[in-house]
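In what follows, a single structure is set out as structure tokens and then discussed.
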2 protein chains.
Amino acid sequence: MALVLCRQGGDKEMAEYPPFAVTVDLVVLTVRADQLCVLLVRRGIEPYRGAWALPGGFVGIDEDLPAAATRELAEETGLAEPAGHLEQLGTYGHPRRDPRGRVVTVAWLALLPDQANPVAGTDAASADWLPLSQLSPGQLAFDHDRVLADGVERARAKLEYTPLAAAFCPPEFTVAQLRGVYETVWGTRLDPRNFHRKVTGTPGFVAPVGRATEGDRGRPAQLFRRGPAPLLHPPMLRPDQTGQTGS
Amino acid sequence: MALVLCRQGGDKEMAEYPPFAVTVDLVVLTVRADQLCVLLVRRGIEPYRGAWALPGGFVGIDEDLPAAATRELAEETGLAEPAGHLEQLGTYGHPRRDPRGRVVTVAWLALLPDQANPVAGTDAASADWLPLSQLSPGQLAFDHDRVLADGVERARAKLEYTPLAAAFCPPEFTVAQLRGVYETVWGTRLDPRNFHRKVTGTPGFVAPVGRATEGDRGRPAQLFRRGPAPLLHPPMLRPDQTGQTGS
DNA sequence: CCAATAGTGTCTCTTAGACAATATTTT
DNA sequence: AAAATATTGTCTAAGAGACACTATTGG
């Protein structure tokens, strides 16, 4: 496939375009055992041999970006996206982010329910869910510390103004489970009573299934599915957020 | 520069990586004459010869992504970023988005004050500010319609929860100017009294300069600079947003 | 004085947050 | 009944929106 000579206006760019490698990397988050966890793989080759890294791989020359992300997600977790949520996070392309050459990576953020499928990848490298609390800066390969931090921050922010917390839950869930997601991801406590009112009172946040749980302690809880609203109005407020509340 | 053979775990990727071209494209927005305008260049070559396109160009093989975006912005507008705001918007890489080959573009969103510098680029192609209201879908080259739409939506959303509207204003501005930005970008009317109270009452949104305008009609207005807050708490609310307000 | 714009005060309504009270289950 | 969890109700305070009113300029 012959490629590009000149793109935009002038002729400065008549020379052949510089060749890049393009990869996708995934920040796959889940909530298990009251911990926010990320899916990491242990690298089997240099560079960063033996270090943890985000799962990812090359984009095929005829492959769309979302398709590459979905494929990698399926390869690493054994499941297709539909259960959770997948969105583009950002692109990282520092000239020396990969010592082997010029690699630009498009990072994606995936939020998944804890489906007990820790690994199942086709890749030889071992993979596992790591609690974020156990990771220290500088521990990940390449610039993956930064990518992960950006992904976590994005996830935290999105819980505020989207119904995406439900992406961490199974298809049917209780208000308490949803609250647990918020509490874990935000690292805060939320009042169960006010949370319940807020969730059930925000149009399109959740939709009642009509059934209830059974066999737990206490009164059975109603089951809900994710609602149709793409955005929450008004948003869920993170306690204490940036502090200021107006003078 | 020899490049990558195998990246992550397996050996499926031992073959040489697929070669991509990487570009940056810019969605440069400004507010002039009560219109939200975007900087576009007219293409002088095929494909899409004669069509409007977002300014952009190739990333140098040793060039960082933000540096490439900043460079293109300077080339197209003749000014460095400091005045306004520049952030990564997203990456677009459909295999056939460019008929000449596999080109992945990292799009950036720039918000600039109306600095009367319509063009000044070194490129031969003509460039100009086009009001968004004059653009119809399908009018831009490549997938730039989509990129532009994403950029505009991002800008609209960011005015809600960041002090970024000030990026559209000169270094010192009045509350009325800031309100005009909101009204233009959102296409709504805002109550001047409540807006004033909201802006001056939100910590870190704007910082008073201490001087006032002179020589206009009516009472002189206090001048402000952009405040230090990265986020607005509470956010500016867009009237009528998604409709729902809670039952 | 009038027109015009800037800025403040007041009132009402909605919503967040604290927390009492009630409902429904298991043990 | 006691413990545990779910769900509803009540109260208070902060903020949004409507809008009267005051302040400061140019004609």
Side-chain angles (χ1 to χ4, degrees), chain A residues 34 159-161 169 172-180 182-183 186 188-203 205-206 208-224 231-247, chain B residues 34 159-161 169 172-180 182-183 186 188-206 208-224 229 231-247:
Chain A
D34 293 328
L159 292 209
E160 292 191 72
Y161 58 94
C169 297
E172 299 187 347
F173 52 87
T174 67
V175 174
Q177 282 176 64
L178 193 66
R179 178 166 47 84
Y182 275 94
E183 293 182 333
W186 283 352
T188 60
R189 292 271 121 191
L190 298 173
D191 184 282
R193 287 91 44 107
N194 292 334
F195 183 85
H196 189 283
R197 219 170 357 97
K198 180 69 191 256
V199 167
T200 55
T202 301
F205 192 171
V206 294
V209 168
R211 279 177 298 108
T213 57
E214 41 187 67
D216 289 311
R217 284 168 309 187
R219 173 175 171 178
Q222 289 299 311
L223 287 168
F224 296 86
L231 257 20
L232 297 185
H233 286 293
M236 287 295 297
L237 291 186
R238 181 157 26 165
D240 177 47
Q241 218 159 200
T242 317
Q244 42 227 10
T245 316
S247 178
Chain B
D34 293 327
L159 292 209
E160 292 190 72
Y161 58 94
C169 297
E172 300 188 347
F173 53 87
T174 66
V175 174
Q177 281 173 66
L178 194 66
R179 178 165 47 85
Y182 275 93
E183 293 181 332
W186 283 353
T188 59
R189 290 274 124 190
L190 298 173
D191 184 284
R193 286 92 43 108
N194 293 334
F195 183 86
H196 188 283
R197 221 172 354 100
K198 179 68 191 255
V199 167
T200 55
T202 301
F205 193 171
V206 294
V209 169
R211 279 176 298 108
T213 57
E214 38 187 68
D216 289 312
R217 286 168 306 184
R219 173 176 170 178
Q222 290 299 312
L223 287 168
F224 296 86
L231 256 20
L232 298 184
H233 285 293
M236 287 294 297
L237 290 187
R238 181 157 27 166
D240 178 46
Q241 221 160 199
T242 318
Q244 42 228 11
T245 314
S247 175

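Lettering follows sequence order; numbering is per chain, from 1. Predicted model only: the values in this text are computed from it and were never measured. Values reported hereafter were calculated over all heavy atoms of this structure, with side chains retained and with hydrogens, waters and symmetry mates removed.
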Can you name the residues that form a salt bridge (charged side-chain N to carboxylate O under 4.0 Å, His left out) with A:R193, not counting sequence neighbours?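 Salt bridge (charged side-chain N to carboxylate O under 4.0 Å, His left out) check on A:R193 returns A:D191.
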
Not counting sequence neighbours, which residues clear salt bridge (charged side-chain N to carboxylate O under 4.0 Å, His left out) with A:R219? List them please.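 For A:R219 there are no salt bridge (charged side-chain N to carboxylate O under 4.0 Å, His left out) partners, ignoring immediate neighbours.
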
Of A:R197, A:H196, A:K198, which meets side-chain hydrogen bond (donor to acceptor under 3.5 Å, both in side chains) against A:N194?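 For A:N194, the side-chain hydrogen bond (donor to acceptor under 3.5 Å, both in side chains) test succeeds with only one of A:R197, A:H196, A:K198, which is A:R197.
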
Quick one: label B:A212 by what it contacts on the DNA or RNA (base, sugar-phosphate, nothing), any heavy atom closer than 4.0 Å.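 Touches nothing.
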
Considering every strand and a 4.0 Å limit on heavy-atom distances, what is the contact class for B:E214: base, sugar-phosphate, or nothing?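 Here B:E214 touches no strand at all.
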
Which heavy atom of A:R189 sits nearest to which heavy atom of A:P239, and what is that distance?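 The pair with the smallest heavy-atom distance is O-CG, 4.2 Å.
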
What are the two closest heavy atoms between A:T202 and A:L232, and how far apart are they?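 Nearest pair, atom of A:T202 first, then A:L232: CG2-CD2, 4.2 Å.
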
For A:P235, which residues count as a side-chain contact (heavy atoms from CB on, under 4.5 Å) partner, sequence neighbours excluded?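 Expected list: A:Y161, A:L237.
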
Only counting residues at least two apart or in another chain, list the ones meeting side-chain contact (heavy atoms from CB on, under 4.5 Å) with A:P208.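 If we apply the side-chain contact (heavy atoms from CB on, under 4.5 Å) test to A:P208, skipping adjacent residues, the hits are A:F224.
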
Rounded distance in Å - [atom1] ([X]) to [atom2] ([N]):
X: B:Y182; N: D:dG17; atom1: OH; atom2: P; answer: 13 Å
X: A:L178; N: D:dA6; atom1: CG; atom2: P; answer: 12 Å
X: B:L237; N: D:dA18; atom1: CG; atom2: P; answer: 12 Å
X: A:Q222; N: D:dT5; atom1: CD; atom2: C1'; answer: 13 Å
X: A:L232; N: C:dA16; atom1: CG; atom2: P; answer: 11 Å

Whenever both distances are under 3.5 Å in a Watson-Crick or G-U wobble pair, mark it; put DNA chain D into dot-bracket that way, with [ ] for crossing pairs and | when the partner is on another strand. |||||||||||||||||||||||||||

Identify each atom pair where a protein N or O and an N or O of nucleotides 23-27 of chain D are less than 3.5 Å apart, giving names and distance.
unit_1: D:dA23; atom_1: O4'; unit_2: B:R219; atom_2: NH1; d: 3.4
unit_1: D:dA23; atom_1: N3; unit_2: B:R219; atom_2: NH1; d: 3.4
unit_1: D:dT24; atom_1: O2; unit_2: B:R219; atom_2: N; d: 3.3

Does A:F195 have any ring pair (Phe, Tyr, Trp, His ring centres under 6.0 Å) partners at least two apart in sequence or in another chain, and if so, which?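 For A:F195, the residues satisfying ring pair (Phe, Tyr, Trp, His ring centres under 6.0 Å) (neighbours in sequence not counted) are A:Y182.
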
Of the options D:dA6, D:dA16, C:dA6, whose atoms approach the side-chain atoms of A:R179 most closely?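 Closest of the options to the side chain of A:R179: D:dA6.
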
Short side-chain to backbone donor-acceptor contact, A:E214 and A:P220, under 3.5 Å: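 Such a contact is absent between A:E214 side chain and A:P220 backbone.
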
Side chain to side chain donor-acceptor pair (under 3.5 Å) partners for A:D216, two or more places apart: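 Scan of A:D216 (side chain to side chain donor-acceptor pair (under 3.5 Å), adjacent residues dropped) gives none.
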
Specify the residues of residues 190-197 of chain B, ordered by number, for which at least one heavy atom lies under 4.0 angstrom from an atom of DNA chain C.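 DNA chain C contact set from residues 190-197 of chain B: B:R193, B:H196, B:R197.
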
Map B:L223 and A:P235 onto DNA chain C by nearest heavy atom, then report which one ends up closer to the 5' terminus.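 In this pair, the answer is B:L223.
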
Considering only distance and modelled atom types, tabulate donor-acceptor pairs under 3.5 Å from the side chains of residues 172-179 of chain A, sequence neighbours left out.
unit_1: A:E172; atom_1: OE1; unit_2: A:R211; atom_2: NH2; d: 2.6
unit_1: A:E172; atom_1: OE2; unit_2: A:R211; atom_2: NH2; d: 2.9
unit_1: A:E172; atom_1: OE2; unit_2: A:R225; atom_2: NH2; d: 3.1
unit_1: A:T174; atom_1: OG1; unit_2: A:A176; atom_2: N; d: 3.4
unit_1: A:T174; atom_1: OG1; unit_2: A:Q177; atom_2: N; d: 3.1

